[in-house]
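Input: a single structure, listed below in structure tokens.
We use all heavy atoms of the structure for the numbers below, so side chains are in, but hydrogens, waters and symmetry mates are not. Below, read A as the first sequence line, B as the second, and so on, with proteins coming before strands; counting in each chain starts at 1.
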2 protein chains.
Amino acid sequence: MTSIKDVAKAAGVSTATVSRVLANNAPIKAETRERVLEAISQLNYRPNLIARSLRAQKSAKIGLVVSDIRNPFFTAIGRAVEDAAYEQGYSVLMCNTDENPEKEELYLNLMHDENVAGVIFSPTQQFSASFNAYNAKMPFVVIDRVVNSKEIDMVLLDNVSAAYELTTHLLENGYRKLAGLFGDASTTGQERSRGFHKALKDYQLNPVAAHFISPRIKQGYDTTIALLENSNRPDAIFTSNSLLTAGAFQALRDKKISVPSEVALVGFDETTWGELVDPPITVMSQPTEEIGRTATELLFQRIQEPSRSTKTVILKGTLIVKGSSGKK
Amino acid sequence: MTSIKDVAKAAGVSTATVSRVLANNAPIKAETRERVLEAISQLNYRPNLIARSLRAQKSAKIGLVVSDIRNPFFTAIGRAVEDAAYEQGYSVLMCNTDENPEKEELYLNLMHDENVAGVIFSPTQQFSASFNAYNAKMPFVVIDRVVNSKEIDMVLLDNVSAAYELTTHLLENGYRKLAGLFGDASTTGQERSRGFHKALKDYQLNPVAAHFISPRIKQGYDTTIALLENSNRPDAIFTSNSLLTAGAFQALRDKKISVPSEVALVGFDETTWGELVDPPITVMSQPTEEIGRTATELLFQRIQEPSRSTKTVILKGTLIVKGSSGKK
DNA sequence: GGCGAGAGTGTAAACGATTACATTGTTTGT
DNA sequence: ACAAACAATGTAATCGTTTACACTCTCGCC
């Protein structure tokens with residue numbers, strides 16, 4: 001492996017000079033710089049990031065710890081974060097916790113050990129407790145989910161309003177017997193349920209049902225089947241994330257329920273499949289690109305100025321109306 | 001930051017002893033070990049991985065460089081790799097190249113600079129040329145796509161057979177006017193096209209069409225629209241990856257073509273949406289879990305024994321018959 | 001002509017671990 | 001009883017950088 005010593009020798013200077021040429025942060029005679037750069041390209045030298053990171057006690061990496069890499073929402077976020085980080089010369093380490101607090105702890109420790117400059121993170125609900133310990137160790141930005149602390153930067157969707165708007169859309173289109181399926185793994189589900197109930201109250205209605213369940217296709221399916229077999233069957237189903245939407249849709253199909261004439265269906269997040277099925281699904285779309293980019297920018301701000309006062313950015317979703325919620 | 005020195009001081013031993021307790025690779029008096037472990041947990045000490053990596057000239061990280069993190073096939077692979085690596089105490093750095101040779105080079109360099117133990121990698125077609133340079137620098141395992149070299153471990157699908165089987169399925173069900181859409185970004189598309197043509201030849205048929213296009217939904221859509229408007233319209237469409245399948249499906253719907261009675265559709269890879277649409281899509285499913293796991297195992301073998309002769313593992317796909325290819 | 005400022009460079013000490021080598025006891029075999 | 005082997009530990013070099021400090025010139029200025 002060619003090191004800075006080899007370059008120094010080849011250029012006839014000290015390693016300090018080579019380092020200074022690389023960092024470009026000190027006066028160097030033009031001719032010396034030439035020689036060093038020449039040696040560098042001659043030897044095909046690449047600085048060792050490990051050594052640099054050890055010495056500088058920091059690195060140009062940020063961590064992205066999400067709850068499920070297979071969830072399209074998070075891969076979209078990942079892409080946005082990566083692009084934004086890349087522009088600043090940072091690389092991204094991506095990990096997923098699978099909504100598992102143990103893995104969460106493991107990966108946050110790993111991030112710390114890897115000396116990352118900061119972490120973008122979507123915490124499980126259990127996390128709030130152990131949070132402060134980590135927050136002290138490195139810059140953090142939390143996305144998608146609320147952490148019960150004022151001491152932290154967050155990028156969130158205005159979930160209550162988004163759910164309110166989505167629910168109101170159903171009500172305006174004439175649906176009256178609404179059922180809600182909400183994920184129980186995150187704070188997101190709770191907030192969306194609040195918006196759901198608020199909209200119903202404005203219409204002086206009660207929900208037919210509201211269930212907090214594990215955010216998996218299977219749970220969405222099972223719960224929907226039960227709803228449909230119930231004597232008081234809903235005429236519209238509200239789901240708080242795309243996996244539940246998928247499960248509900250599958251159940252409606254298996255039960256041969258016509259959508260939306262018998263039962264309408266709405267959910268969150270744009271997905272590939274949402275507009276391919278029949279009818280396409282009405283969704284509240286989250287601005288994934290903006291969420292990822294904003295989180296990255298906040299993180300960089302905090303890295304540069306650790307004592308800056310914390311900020312919470314709340315973004316709006318966009319209602320995308322399709323066939324699954326057509327006028328009754 | 002608490003370092004090994006603090007632990008040594010607290011336990012009244014030298015740093016060497018602490019290190020030996022940690023590595024567990026030398027005889028230590030039980031009582032001393034106790035004291036050291038006590039000090040470690042007292043101080044909440046965690047070894048600095050950066051320093052360890054610098055000294056040892058290696059690390060417990062592997063890189064996973066894929067062409068699109070948003071492609072469900074690759075996220076599934078990612079998950080499998082992560083699980084397998086975790087079992088060995090390794091962590092995974094995931095990056096995506098977006099089929100872009102520049103990004104590919106960037107990330108491979110990054111992996112090298114990060115001192116990863118090895119890389120699992122799905123190369124673009126342009127990559128073969130510059131390949132040997134990288135192969136020399138660190139252990140490699142190539143997945144999904146062929147690299148023109150005997151000097152490398154690979155985990156591949158038996159693409160020709162898989163495509164042959166999928167095509168034969170269409171032919172057995174009575175379809176005769178087949179069109180094929182193949183991705184042009186990887187070797188995979190080419191191999192699948194070979195299987196497609198081979199099956200047709202066995203039936204003494206010619207394809208109605210065979211297009212190599214960019215593996216994006218939009219291209220799949222546009223090309224399918226053109227096929228459907230052509231005077232010699234196919235009665236079945238074969239797609240070589242799930243993005244093209246999605247595009248083709250969308251086109252069939254927009255053109256209000258009944259599937260499969262007017263035109264059948266088959267593709268590769270199981271996806272969430274493939275079984276939610278109407279009709280569900282017949283696919284050749286790839287064993288993603290097995291691909292990821294095998295690649296990881298091969299990588300570890302090579303890390304342990306760099307001079308071992310290279311191996312190519314070829315896995316079989318599974319035909320999953322659904323409604324989109326029903327008997328004519 | 002002497003002095004301060006700054007340009008330009010080198011020397012060597014970090015960063016936090018691992019490990020070759022040295023050292024000191026304690027067994028063990030003959 | 002003595003050499004050899006080994007257990008148990010410490011000392012210090014090392015990995016590849018960055019950077020504080022020191023040094024030497026060369027100016028410009030009084």
**OP:** I would like to know whether A:Leu93 and A:Ile62 meet side chain to side chain contact (heavy atoms under 4.5 Å, CB included); could you show each step before the answer?
**Re:** CA-CA 6 Å; A:Leu93 275 64; A:Ile62 66 178; over 6 Å; no
**OP:** Applying salt bridge (Lys or Arg N to Asp or Glu O under 4.0 Å), run through B:Lys29 and B:Glu34 and close with a yes or a no.
**Re:** CA-CA 9 Å; B:Lys29 216 201 286 181; B:Glu34 284 299 308; over 6 Å; no
**OP:** Test side chain to side chain contact (heavy atoms under 4.5 Å, CB included) on B:Ile291 and B:Asp144 and set out the steps.
**Re:** CA-CA 8 Å; B:Ile291 294 174; B:Asp144 186 52; over 6 Å; no
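If you check every strand for non-hydrogen atoms under 4.0 Å, B:Ala16 touches a base. Residue contacts shown for B:Val18 are absent, as no nucleic acid heavy atom lies under 4.0 Å away.
Separating the NZ atom of B:Lys5 from the C1' atom of C:dC15 is a distance of 9 Å, rounded to the nearest angstrom. When rounded to the nearest whole Å, the span between CZ of A:Arg46 and P of D:dT17 equals 11 Å. Between the C1' atom of D:dG16 and the CG atom of A:Asp6 lies a distance of 10 Å, rounded to the nearest Å. In this structure, the CG atom of B:Asn48 is 7 Å from the P atom of C:dG16, given to the nearest Å. Distance, A:Gln57 CD to D:dT17 C1': 12 Å, rounded to whole Å. Rounded to whole Å, atom P of D:dG10 lies 12 Å from atom CD1 of B:Ile4. Rounded to an integer number of Å, the gap from NZ of A:Lys58 to P of D:dT19 is 7 Å.
Listed pair A:Arg52 / D:dT18 meets the phosphate criterion, a side-chain N or O lying under 4.0 Å from OP1 or OP2. Using a 4.0 Å cut-off, some side-chain N or O of A:Ser14 falls inside it from OP1 or OP2 of C:dG10.
Here the CG-CG distance, from B:Leu243 to B:Asp68, works out to 7.0 Å after rounding to the nearest 0.5 Å.
Counting only heavy atoms from C-beta outward, the side chains of A:Phe121 and A:Glu104 approach each other to under 4.5 Å.
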Which pairs would a plain distance check flag for residues 14-28 of chain B, meaning a side-chain donor or acceptor within less than 3.5 Å of a matching protein atom at least two apart in sequence or in another chain?
unit_1: B:Ser14; atom_1: OG; unit_2: B:Ala16; atom_2: N; d: 3.4
unit_1: B:Ser14; atom_1: OG; unit_2: B:Thr17; atom_2: N; d: 3.4
unit_1: B:Ser14; atom_1: OG; unit_2: B:Thr17; atom_2: OG1; d: 3.4
unit_1: B:Asn24; atom_1: OD1; unit_2: B:Arg33; atom_2: NH1; d: 3.3

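Helix bend of the helix from C:dG1-D:dC30 to C:dT30-D:dA1: the angle between its two end axes, each built from five pairs, comes to 40° after rounding to 10°.
Residues satisfying the ring pair (Phe, Tyr, Trp, His ring centres under 6.0 Å) test with A:Phe73, not counting sequence neighbours, are none.
The stretch residues 111-118 of chain A does not touch DNA chain C, since none of its heavy atoms comes less than 4.0 Å from the strand. Only A:Arg20, A:Pro27, A:Ile28, A:Lys29, A:Thr32, listed by number, bring a heavy atom of residues 19-37 of chain A to less than 4.0 angstrom from any atom of DNA chain C.
For D:dT17, the base has no donor-acceptor partner in the side chain of A:Arg55 [N/O atoms by modelled type, under 3.5 angstrom].
For residues 46-58 of chain B, the set of pairs meeting the side chain to side chain donor-acceptor pair (under 3.5 Å) definition, not counting sequence neighbours, comprises A:Asp113-B:Arg46.
The 5' end of DNA chain C is approached more closely, in terms of each residue's nearest nucleotide, by B:Ile50 than by the other of B:Thr17 and B:Ile50.
Paired with A:Asp153 under the rule side chain to side chain contact (heavy atoms under 4.5 Å, CB included), one option of A:Thr312, A:Val142, A:Val141 passes, and it is A:Val141.
Counting non-hydrogen atoms of other residues, nucleotides and ligands closer than 6.0 Å to NZ of A:Lys137 gives a total above 12. Atom NZ of B:Lys9 has 12 or fewer heavy atoms from other residues, nucleotides or ligands within 6.0 Å.
B:Gln125 contributes a side-chain N or O that, together with a main-chain N or O of B:Ser186, makes up a donor-acceptor pair within less than 3.5 Å.
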